[in-house]
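Note on naming: letters A, B, ... go to the chains in the order of the sequence lines (proteins, then strands), and numbering restarts at 1 for each one.
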There are 2 protein chains.
Amino acid sequence: MLRSQLHVQVRDHILELTHQRKLQAGDQLPSEAELSQAIGVSRNTIREALMTLERDGMVVRRHGIGTFITPVPQHLRTSLHQVLPIPELIASSGFEPHIKNLKIAVAQAPSEAYEILQATSNDPLLSISLLYLADKRPAIHVTYWLIPSLNIQPSDWNTFDGHMINFVERLMPLRIHHTVARIFAVTATKQLADTLKVKRSSPLLKMVHTAYTADGQPIYCSTSYQDSDLLEVTVVRQRK
Amino acid sequence: MLRSQLHVQVRDHILELTHQRKLQAGDQLPSEAELSQAIGVSRNTIREALMTLERDGMVVRRHGIGTFITPVPQHLRTSLHQVLPIPELIASSGFEPHIKNLKIAVAQAPSEAYEILQATSNDPLLSISLLYLADKRPAIHVTYWLIPSLNIQPSDWNTFDGHMINFVERLMPLRIHHTVARIFAVTATKQLADTLKVKRSSPLLKMVHTAYTADGQPIYCSTSYQDSDLLEVTVVRQRK
DNA sequence: TACCATTTGTGCGTATGTATT
DNA sequence: GAATACATACGCACAAATGGT
C-alpha cells in the first residue's frame, strides 16, 4: 500500500490544524505560495488540496485576498456534500447511535421499489427493516430493499453494522457513486407512531433514498421515517 | 467584456453537446487528449472543465476508462449542488411558475428569525410573504425576513421577481455564498391549509432557509411550506 | 488618481504513475 | 506485455482582484 497522494496529505494536514484549533472558523490560511514552500510541494498541489476543501465546503477562497476556514457550524461540515450513513448522522447530531430492531425478509415489495430498482415486479426482494436509536430514543425507521442480483446470503447479515453502503461495497465489487433522496411530509400511521413513540397522526418526515453506481444502476433503495423535531435534516447548498 | 475563461468555454461546449442530444446520458466523451487536440487547448484546461462538470454531477470520470455523461434524469441535474430559486425549481418540475400574493411589512418577527439573522430582537424586520404557484395551483408559501442593514426602499420591491438571491445581489454589493436548509414535517394550520388549498391538518413540508455570504454573515432567512406530493424535494448527494 | 505588493485564478508544457482492456 | 486513458505532480508565466500607499 502506497502512502496517499500528496494533495490528500496536504488536505489532511490542513484539516488536522483545524481539529487542533490552530485554525478556527474564519481564520485565514497561509497563502498558496507559503504553504507550497512550507510543506515542500508545488503550488499546484496546494491548489488541488484547497480546491477539494472548497468543494467540500471547508474553506472559502477569495481572489486577491486569501483562503479562509468556512465560518459554518462544525456539525454542519459533515453533511455538506457527503453521503452520510445514518449512525454517523445521528452521532453528528450529538446523540449516541444504536440499532435495535432488525427484520429480514425475502418478499414481495411495494411496486414503487420495483420501479426504482428497475426489477421485474414479481421477483421477491430482499428487504430489511431497522430502527435507529438516538440516545436510546427511537429516531429513524428504515426499510431497505436490495436488487435481486446481489445474491446476499443470510450469513452475510452478521456483518451488517447499520451502514448499508459499506455493507454492500464490502460484499460486492461495486461502488456507490451517489444517492438520490426524495423528501416528503406524511402523517404517522398507528404502527409507525408506535414504533417511533410519537403521537398518532403526528407529522413525520419520509425520505425515499436510492443508491446508484456510477453507471446509474440502482443498487438499493430505502424508505425512512423520522420525527423531524428530534432529528433535523439539514441541506447545505453552495452556489457557483 | 472579455470572453469567458477557456475552461468555462470548454464546459459550455460540452454542455451544449448534451443539450443538442449529441451526447446523451451514459455516453462516453472523447478522451482528454482528443478533446485537447480537437478544441485546441491544453489537456490541463480540459481537465479543469471536466472537474467542474464532475463536481456538479454532470459527468462521471473513471480512471483508465473514460469520462461519461452522468446517467441521472435531466430534471435532477439542475438541483445537484446548486442553489435554485423557487421559480426555477417549479419550472424544473415541469410546471409553469407564478407568483401571486405579496404582503410586505416591516414588523416584529418570530424570535427564531432574530436568532438566525443575529439581529437585536426588538428591531422590526422587513418581511415579505408570497405564494408561488405551479400551473396556477398554490405550491409553496414563503415568508422571507431580511437583515435590517440592507436598507431596502419600498420602491425597490418593484424589481422583485421571485428570486430573492438575485434581488438582494442586484441591490447590494454582496454575494450569497451558500444556503442552509433545515427540513421539517408539520401539520397544516387552518390558515396554511386555506392558502395552499389542502385539507386541514394535512402534512406539509416546512423548510427554514438561511442565505449566507462567504463571511458567514446571514443575509436573509425564509420559512416555506409546501405540499410535498405536489412539489417534491430532491437532494442528490455525491460520495467521495 | 495612479501605482504597488499580495494573493488567487488561468493556462501551458511536461513527465510519470495507475487503472483498465 | 502493450495500448489507452485518466490521475498526479512539477514548474513557469501571466491575468485579475483586492487593499493599501
Cationic N near anionic O, under 4.0 Å, B/Arg11 to B/Glu16: no

Protein-to-nucleotide contact annotation, 5' to 3' order, nucleotides 1-10 of chain D [B base; S sugar-phosphate only; - none; under 4.0 Å, heavy atom]: ----BBBBSB

Value in whole Å for how far the P atom of C/dG11 lies from CE of A/Met51: 13 Å

Charged tip of B/Arg62 within 45° of B/Phe68 ring normal and under 6.0 Å: yes

Protein-nucleotide distance (B/Arg175, atom CZ; D/dA17, atom P), rounded to Å: 14 Å

Sub-4.5 Å side-chain heavy-atom contact between B/Ile116 and B/Val208: yes

Atom pair distance, as rounded to whole Å: CZ in A/Phe68 and P in C/dT7: 11 Å

Side-chain donor or acceptor of A/Ser36 paired with backbone N/O of A/Val41 under 3.5 Å: yes

Matching residue for A/Leu17 among A/Leu23, A/Leu29, A/Ile69, A/Asp12 - test: side chain to side chain contact (heavy atoms under 4.5 Å, CB included): A/Leu23

Enclosure of B/Gln108 CD (heavy-atom neighbours >12, cutoff 6.0 Å): yes

Aromatic contact, B/Trp157 with B/Phe167 (centres under 6.0 Å): yes

Five-pair end axes of the helix from C/dA2-D/dT21 to C/dT21-D/dA2 and the angle they enclose, rounded to 10°: 20°

A/Tyr220 and A/Tyr144 aromatic ring geometry - parallel, tilted or perpendicular at 30°/60° bounds: perpendicular

